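Keep in mind that what you see is a predicted model, and the values were worked out from it rather than measured.
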Amino acid sequence: MYTARCTGRVLQALHLPATPQEQPPSTALGDWYVNFIHTRTHRMVHFLSDRSLLSVVIPVKTLKTALDRHIASLRDLLENLAVNPAVVQAEIDEMRERAIAKTRSRSVLASMRELALNARWILEQTPRISPLELSRELSQVPCGPLAMALPAEEAIALLLKRHSSPAGGVRGA
């Protein structure tokens, strides 16, 4: 269980009501903040893990399916980052249930704005970059709230801590 914490623009575009109940996430990567990134030639949806600041960027295409495509793109990114497939599957399984809510952390929103600026710059420099490659590039941007650690490193550490057993196996596998 996690919450997709959408900006007002995203809630309006998706025509979704925000859930009034707050429930803590059961996922390693926590809740996901959702906003748009627009350039002259690209329309993207930006998802940001509130715990690791890992970004997943997907094209807008059909906005109705963005929340589901986020999960598939997260799987692709984590596999690209060489995370154990069983650990990836355990996190994806935890994400089967989701709530929709408004954003609530100014710090996460500030990080999201900073990473969106990086994304726009990358898109200007390499306009044919795939969403997976863009997400991978953003995972390598040092972030101040993480004491200048990389979101990819933080995400992997959180995933391993949550989904790996002390004996080296994967919980639930």
_From CA spacing to verdict: side chain to side chain donor-acceptor pair (under 3.5 Å), Arg69, Thr65_ = CA-CA 6 Å; Arg69 287 184 293 123; Thr65 64; 2.9 Å; yes
*Could you give me the CA-CA distance, side-chain angles and deciding distance for Phe36 and Arg43, then say whether side-chain contact (heavy atoms from CB on, under 4.5 Å) is met?*
CA-CA 7 Å; Phe36 294 117; Arg43 294 182 61 228; 6.0 Å; no
_Evaluate Arg162 against Glu91 for salt bridge (charged side-chain N to carboxylate O under 4.0 Å, His left out), listing each step before the verdict._
CA-CA 9 Å; Arg162 168 76 172 88; Glu91 182 72 359; 5.9 Å; no
*Would you check, one step at a time, whether the test side-chain contact (heavy atoms from CB on, under 4.5 Å) holds for His42 with Arg120?*
CA-CA 9 Å; His42 296 89; Arg120 286 183 187 97; over 6 Å; no
*Please test His163 against Gln89 for side-chain contact (heavy atoms from CB on, under 4.5 Å), starting from the C-alpha separation and ending with a verdict.*
CA-CA 10 Å; His163 297 296; Gln89 187 60 49; over 6 Å; no
*Decide side-chain contact (heavy atoms from CB on, under 4.5 Å) for Val56 and Trp32; before the verdict, give the C-alpha distance in whole Å, the side-chain angles of both, and the deciding distance to 0.1 Å.*
CA-CA 10 Å; Val56 175; Trp32 287 84; 4.0 Å; yes
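A donor-acceptor pair under 3.5 Å is formed between the side chain of Tyr33 and the backbone N or O of Ser105. A donor-acceptor contact shorter than 3.5 Å is absent between the side chain of Thr19 and the backbone of Ala101.
Remark: Leu109 CG to Leu48 CG distance equals 9.0 Å, nearest 0.5 Å. Between atom CG of residue Leu115 and atom NE2 of residue His46 there is a gap of 5.5 Å, rounded to the nearest 0.5 Å. Atom-to-atom distance recorded for Met44:CE and Thr39:OG1 is 8.5 Å, nearest 0.5 angstrom. The distance from atom CG of Leu54 to atom CD of Glu153, rounded to the nearest 0.5 Å, is 12.0 Å. For the atom pair Ser26 OG and Tyr2 OH, the distance stands at 11.0 Å (nearest 0.5 Å). Interatomic distance, Leu159 CG to Leu29 CG, rounded to the nearest 0.5 Å: 4.5 Å.
Linking Ile, Leu, Val, Met, Phe, Trp and Tyr residues whenever their side-chain heavy atoms come within less than 4.5 Å leaves Leu117 and Trp121 in two separate clusters. Ile37 and Leu74 fall into different hydrophobic clusters, where Ile, Leu, Val, Met, Phe, Trp and Tyr side chains are chained together by heavy-atom contacts under 4.5 Å. The cluster map of Ile, Leu, Val, Met, Phe, Trp and Tyr, joined by side-chain heavy atoms under 4.5 Å apart, puts Val60 and Leu16 in the same cluster. Connection of Phe47 to Leu123 is not established within any shared hydrophobic cluster, with ILVMFWY side chains joined at heavy-atom distances below 4.5 Å, either directly or through further cluster members. A single hydrophobic cluster is not seen to contain both Val108 and Leu158; linkage of ILVMFWY side chains at heavy-atom distances under 4.5 Å, directly or through other members, places them apart.
The one candidate from Asp31, Thr103, Asn35 that meets the side-chain hydrogen bond (donor to acceptor under 3.5 Å, both in side chains) condition with Arg5 is Asp31.
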Can you give each donor-acceptor pair under 3.5 Å made by side-chain atoms of residues 134-150, sequence neighbours left out, with the distance rounded to 0.1 Å?
residue : atom : partner : partner atom : Å
Ser135  : OG   : Val57   : N            : 2.8
Ser135  : OG   : Pro131  : O            : 3.0
Arg136  : NH1  : Asn80   : O            : 2.9
Arg136  : NH1  : Asn80   : OD1          : 3.0
Ser139  : OG   : Arg136  : O            : 2.6

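Using a 4.0 Å cut-off between a side-chain N of Lys or Arg and a carboxylate O of Asp or Glu, Glu154 and Arg51 do not qualify as a salt bridge.
Within a 6.0 Å sphere centred on CD of Gln125, heavy atoms belonging to other residues, nucleotides or ligands number more than 12.
Residue pairs that meet the salt bridge (charged side-chain N to carboxylate O under 4.0 Å, His left out) test with at least one member in residues 95-119, sequence neighbours left out, are Glu22-Arg104, Asp68-Arg98, Asp93-Arg96.
By the side-chain hydrogen bond (donor to acceptor under 3.5 Å, both in side chains) test, Ser49 pairs with Ser52, sequence neighbours left out.
Looking at heavy atoms from C-beta onward, His70 lies in side-chain contact with Met95 at the 4.5 angstrom threshold.
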